[in-house]
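Below is one structure; the comments refer to it alone.
Keep in mind that the numbers below use all heavy atoms, side chains included, and drop hydrogens, waters and symmetry copies. One-based numbering along the sequence shown. Order of appearance sets the numbers: ligands from 1, and atoms from 1 within every ligand.
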Amino acid sequence: MREAIIDTGAITANVRRLKTVAGVPEFIAVVKADGYGHGALRSARAAIDGGATRVATADLEEAMALVRQGIREVPVLAWSHRPGPTLSVAAAHGIEIGVGSNEQLEAAAAAAGAGRPTRIHIQLETGPGRGGASLEDWPTLFTRARRLHESGRIDVVGLFSHLSGASRQDDLGQVRAFDQGVDIANLARLDPPLLHLAATSAAIWLPEARFNAVRVGLGIYGLSPTRDESSAPIGLRPAMTLRAPVVAVRRVGAHHGVSYDHTYRTSRSTTLALVPLGYADGIPRSASYEGAVTLHGRRYPLAGRIAMDQLVIDVGDDAVRVGDVVTVFGDPARGAVSADEWARAAGTINYEIVTRIGARVTRRSIGALQDPARGRNRVTRPLAPSGTRRRGGPAVISAFPARPPGWS
Ligand SMILES: *Cc1c(COP(=O)(O)O)cnc(C)c1O
């Protein structure tokens, strides 16, 4: 009844597009939080089809689930873990593990098996103050990692860090700090094949941060990481469409109060349609007064408060029947309200809109939605060469030469 249609063809195309934009050989598709609500397994598969060379999750458990479900053709990386036995199990599954401290490094080494070093990516703290080793720990961490690498207990696959996106200046400062980390690692004779700093935003707008790998989440689902730019101009297509059928239609007179507290009153006689999607399904209650949906290609405002299980729309005198399908959000190029618009209405970001879709909503894959408009809304900006690459990888062809997303 409540469904989120996932266009896996869009995910594949988005990965292809972003990989071209970033122009780096390694593309790590981030499928944490159940693929940002799209389903981790289907998102991983679709991303691999589009050229992803690795997939990543936050938690080790999510990474292990992917391996058990058959993601074997590319390595799976997970960077968020706590001390405990899970690490050994994850290492035995072949998961690549993010390591951000001496303790984590020793735990990773202890999780190695005979002839099976634990594969790690060393996480450097360069700004956001979350995970990762701080500058003063880098020399000892790298030296120890080098020793463990030589003894065959760990295999250092990558160095990475995460941008805070506070401002362009801040991010460039982080790029310099990361560069410094790479130099210090090299001095300790560590030269990992993968260097990754950029998530979606930097993969698109900050060539300096691309190194030879990008780690992209939101963009592969076709959403833009900034409020200043929507998906279509950057050549991305939203993959999720949230919809549900009308379950009741009611004709009411003027001044009819709707939903809790009667915060909405009809201005004239009208038709109200009941849609079985509420805040338990991830429709933010705070969007009650600005949210809108589409039905038969027309847009309707919400009437009154979003309830736990349902919302009401005022369709005026339009003909609406039980069973007609209401689209809450989807691809605006196909006429749907966007997840971005819902985010604005709720005072949040599109990341939160898609990741919070509830467990009652059935996810269903569609290979590639048939769309007459497809192709027209794709790449709307010419590709232009950007600055030269600093490390590895082919020459960069970038559509977005350092165009800052709302940075001061
Ligand atoms: C979530 C996450 C990403 C992906 O970020 P997007 O903005 O969704 O591309 C990359 N790296 C880390 C460490 C993350 O936590």
| message | Among residues at least two apart in sequence or on other chains, which ones pass side chain to side chain donor-acceptor pair (under 3.5 Å) with Asn102? | response | none

| message | Please determine whether the number of non-hydrogen atoms from other residues, nucleotides or ligands lying under 6.0 Å from atom CZ of Arg147 exceeds 12. | response | no

| field | With sequence neighbours excluded, residues passing side chain to side chain donor-acceptor pair (under 3.5 Å) with His121 | value | Glu96, His196

| said: side-chain hydrogen bond (donor to acceptor under 3.5 Å, both in side chains), that's the test. Do Tyr264 and Asp314 meet it? Break it down for me. | reply: CA-CA 10 Å; Tyr264 181 90; Asp314 184 340; 2.6 Å; yes

Within the protein, flag every N or O under 3.5 Å from an N or O of ligand 1, and note the pair and distance.
unit_1, atom_1, unit_2, atom_2, d
ligand 1, 7 (O), Tyr351, OH, 2.6
ligand 1, 8 (O), Tyr36, OH, 2.5
ligand 1, 8 (O), Leu218, N, 2.8
ligand 1, 9 (O), Thr200, N, 2.9
ligand 1, 9 (O), Thr200, OG1, 2.5
ligand 1, 9 (O), Gly217, N, 2.8
ligand 1, 11 (N), His162, ND1, 3.4
ligand 1, 11 (N), Arg215, NE, 2.8
ligand 1, 11 (N), Arg215, NH2, 3.1
ligand 1, 15 (O), Lys32, NZ, 2.7

| Listed by chain and number, what are the side chain to side chain contact (heavy atoms under 4.5 Å, CB included) partners of Ala92, not counting sequence neighbours? | Arg116

| query | Does the ring center of Phe160 lie less than 6.0 Å from the ring center of Phe178? | reply | no

